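Please read these numbers as outputs of a predicted model, since none were measured by experiment. Both backbone and side-chain heavy atoms feed into the values below; hydrogens, waters and symmetry mates do not.
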Number of protein chains: 2
Amino acid sequence: MATIKDIAKQAGVSISTVSYALNGSPKVTNETTERILAIAKELNYIPNAAARSLKTRETKIIGIFLTDFNGAFYGDLLQGTKDFLARKGYELIVCSGKQSHWMLPERMIDGAIILDVTFESEELVRYADRGHKLVVLDRELSHANINQVLLDNKAGATLATEHLIEEGHRKIYAVTGPGSSYDSKQRLQAVMQVVERNAGIELIVMEGDFNKEGGELAAKRIMAESEEGLVSAAVFCFNDEMAIGMFNYLAEYRPDIRIGEHIHIVGFDNMELASYSQPRLTTIDYSKHKWGALAAEQLVKLINGDTVEHERIYVTLLKGKSVGPGN
Amino acid sequence: MATIKDIAKQAGVSISTVSYALNGSPKVTNETTERILAIAKELNYIPNAAARSLKTRETKIIGIFLTDFNGAFYGDLLQGTKDFLARKGYELIVCSGKQSHWMLPERMIDGAIILDVTFESEELVRYADRGHKLVVLDRELSHANINQVLLDNKAGATLATEHLIEEGHRKIYAVTGPGSSYDSKQRLQAVMQVVERNAGIELIVMEGDFNKEGGELAAKRIMAESEEGLVSAAVFCFNDEMAIGMFNYLAEYRPDIRIGEHIHIVGFDNMELASYSQPRLTTIDYSKHKWGALAAEQLVKLINGDTVEHERIYVTLLKGKSVGPGN
DNA sequence: TTGTAAGCGTTATCAG
DNA sequence: CTGATAACGCTTACAA
């Protein structure tokens with residue numbers, strides 16, 4: 001492994017000259033720079049990231065922390081983040097699991113984007129206190145070194161609920177995420193507000209888990225609650241994954257029940273899988289690419305010491321065929 | 001940011017003693033170790049990864065390089081990799097794009113797993129020549145520092161093709177991946193061998209792209225080729241993604257054509273989405289979790305200087321409802 | 001324009 | 001058992 005020392009020796013100059021030349025400093029003559037570059041190529045010189053960042057105190061790497069690697073949901077978001085960061089000269093790495101948290105405090109990354117409820121806020125604040133820059137996508141957190149880029153949960157949940165009501169449904173089931181989820185809490189709050197504003201609406205809340213299982217279980221319970229042969233439920237699943245679970249359960253155990261006719265389902269996220277559901281799931285849509293890009297932008301600003309305001313990702317209602325008129 | 005120097009000063013010992021204590025060396029008295037640990041905690045000491053790896057020449061990080069972040073396909077594989085590595089004290093980071101390649105030569109990672117055809121073999125060999133350890137999942141590459149963990153494409157393609165033949169199909173379409181894909185080439189070769197071994201089979205090869213678009217296009221072409229109202233095609237799509245594209249095309253433009261009856265489709269990969277197709281896609285299945293874990297295992301062995309043989313991931317035929325008897 | 005030299009925060013080899 | 005001290009490879013004042 002050739003080092004700048006080797007190059008310096010070959011070129012008959014000092015290591016600082018080599019360093020300057022390699023970094024394209026105007027302090028070095030063009031000819032010496034070229035000579036040094038030539039020798040560097042000849043020796044297959046490659047800089048050592050550890051040495052560089054030990055000195056510069058930065059790695060030019062940003063980490064994004066996800067709950068798991070089941071990217072079905074994250075693909076676009078990651079692409080958005082990566083695209084933006086690439087333009088700013090940063091690398092993106094995807095991490096998952098508590099094990100990987102050390103990368104932030106040990107300065108292996110210059111900043112982090114958090115989309116992982118299992119990452120405790122207390123821990124995040126501790127890092128922020130140490131001067132690390134963070135952008136959170138899944139919670140509210142006030143700190144000079146932390147910026148939030150959150151979904152407009154309130155708007156989304158309101159759109160979803162009002163849509164069900166407008167279609168004439170009077171009994172609405174809300175299948176939430178886990179109780180600890182910020183997004184879930186926000187959505188539930190909005191649902192309750194809408195229900196309060198509209199007379200004669202019955203709201204039944206069921207705690208879910210944001211996974212398919214939660215949707216299946218909710219479907220089972222709703223079916224059990226309904227009178228024989230007289231099912232007419234309107235359900236707002238707080239994410240698409242649970243909505244899909246509900247579709248699965250119904251397809252398997254209740255082929256007599258038709259979605260969009262006997263039972264009406266709205267999801268949240270508009271994940272790719274949802275576009276394949278039969279009938280097409282009605283859901284809340286938003287640009288995941290933009291979400292990722294904006295998070296990256298905020299993080300880079302934070303790192304550069306610019307002041308940043310919290311941001312919000314706007315959502316829209318995407319009407320599918322999974323909701324029909326009520327009776 | 002407290003360093004071992006600060007701790008040494010506080011504790012009234014030398015930095016080497018601190019280093020030993022921190023690393024749990026038995027060379028230091030229990031009491032001094034405890035005192036040092038206490039001071040370290042008090043000062044919120046956190047080691048600096050760059051400094052450590054500059055010295056030790058390792059980062060305990062493994063990178064996996066993917067073509068893109070659309071993890072719909074990779075989730076399980078990544079989980080398998082991560083689980084294994086965690087047990088061995090390594091961290092896993094996911095990278096994508098040419099931009100990120102520097103992490104290997106610049107020693108930001110101790111080794112890499114490659115599942116990205118856009119990563120040129122020549123470049124990989126160059127890194128291997130420099131002593132970097134690699135495991136490739138998508139090509140054959142012979143080098144002391146490179147190990148392969150490949151899918152048993154031959155078995156998979158053979159199973160798929162033979163299944164179609166056993167069901168009585170005589171005209172078989174093969175929709176390949178891009179010409180540059182190793183997996184695609186292997187599969188095509190196996191298909192051709194099966195066809196040769198069986199008399200009276202007509203094989204039509206169409207080049208695809210491993211994406212949904214390729215499947216859609218192939219479906220369009222197959223429909224165009226077929227006589228009016230007399231469609232009876234058996235298609236082996238070299239991956240599920242294209243098979244899904246084919247399903248989509250048919251659902252949209254040819255609702256008269258029934259899959260598993262007029263047209264028969266086999267995929268490859270058994271991705272999650274495939275389990276939601278209507279009818280259930282017949283495909284080639286294998287354990288993605290095991291694939292990832294095995295790749296990780298081989299890489300760690302390589303890093304430790306152990307000798308390793310190339311490995312193979314076995315596959316099975318998963319019968320769905322997308323293939324019915326021929327006429 | 002180039003060279004000298006002082007670190008960056010660790011680990012590890014010696015002595016003591 | 002503990003302490004000096006020399007690396008690791010690079011950047012960056014400051015000198016020349």
Side-chain angles (χ1 to χ4, degrees), chain A residues 1-37 39-40 43-61 89 102-110 130-131, chain B residues 1-37 39-40 43-61 89 102-110 130-131:
Chain A
M1 296 293 98
T3 71
I4 51 170
K5 218 179 210 164
D6 301 316
I7 300 177
K9 207 174 292 171
Q10 276 274 324
V13 296
S14 78
I15 60 163
S16 49
T17 305
V18 175
S19 178
Y20 287 132
L22 255 26
N23 292 312
S25 160
K27 312 175 93 180
V28 185
T29 333
N30 272 344
E31 54 178 340
T32 39
T33 296
E34 273 170 35
R35 193 157 50 90
I36 287 171
L37 256 38
I39 293 174
L43 296 182
N44 281 317
Y45 170 76
I46 292 194
N48 179 304
R52 192 199 317 116
S53 62
L54 176 57
K55 191 66 194 176
T56 63
R57 315 184 71 70
E58 63 178 20
T59 60
K60 287 291 177 183
I61 300 176
W102 63 269
M103 298 204 187
L104 190 61
E106 298 198 11
R107 315 194 82 95
M108 184 99 286
I109 56 181
D110 292 347
R130 292 181 71 92
Chain B
M1 297 293 98
T3 71
I4 50 171
K5 219 177 209 166
D6 301 317
I7 300 177
K9 208 174 292 174
Q10 276 273 326
V13 298
S14 78
I15 60 163
S16 41
T17 305
V18 175
S19 178
Y20 286 132
L22 255 25
N23 292 310
S25 159
K27 310 174 93 180
V28 185
T29 335
N30 272 344
E31 55 179 339
T32 38
T33 296
E34 272 170 37
R35 193 158 49 89
I36 287 171
L37 256 38
I39 293 175
L43 296 182
N44 282 317
Y45 169 76
I46 291 195
N48 179 303
R52 190 196 320 112
S53 59
L54 176 58
K55 191 67 194 171
T56 62
R57 317 185 67 71
E58 62 177 21
T59 60
K60 287 290 175 185
I61 300 176
W102 65 267
M103 298 205 187
L104 188 62
E106 299 198 10
R107 316 196 82 96
M108 184 99 282
I109 56 181
D110 292 347
R130 291 182 71 93

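Dashed line: the shortest gap from a side-chain N or O of B:R107 to OP1 or OP2 of D:dC8 is not under 4.0 Å. Dashed line: the shortest gap from a side-chain N or O of A:T17 to OP1 or OP2 of C:dT1 is not under 4.0 Å.
As rounded to whole Å, 13 Å separates atom P of C:dG3 from atom CD1 of A:I4. For the pair A:N23 CG and D:dT11 P, the interatomic distance rounds to 5 Å; values are reported in whole Å. Separating the CG atom of A:N48 from the P atom of C:dT10 is a distance of 16 Å, rounded to the nearest angstrom. Between B:K55 atom NZ and D:dA7 atom C1' there is a gap of 4 Å when expressed in whole angstrom units.
Within 4.0 Å of B:S19, counting heavy atoms only, lies at least one base atom of the nucleic acid. Contact annotation for B:S16: base contact, defined as any heavy-atom pair under 4.0 Å involving a base atom. Looking at heavy-atom distances under 4.0 Å, B:I7 makes no contact with the nucleic acid at all.
Between the side chain of B:Y45 and the base of C:dT10, no donor-acceptor pair under 3.5 Å is found.
Between the A:T29 side chain and the A:E31 main chain, no donor and acceptor come within less than 3.5 Å of each other.
The CD atom of B:Q10 sits 14.5 Å away from atom OH of B:Y45, with the distance rounded to the nearest 0.5 Å.
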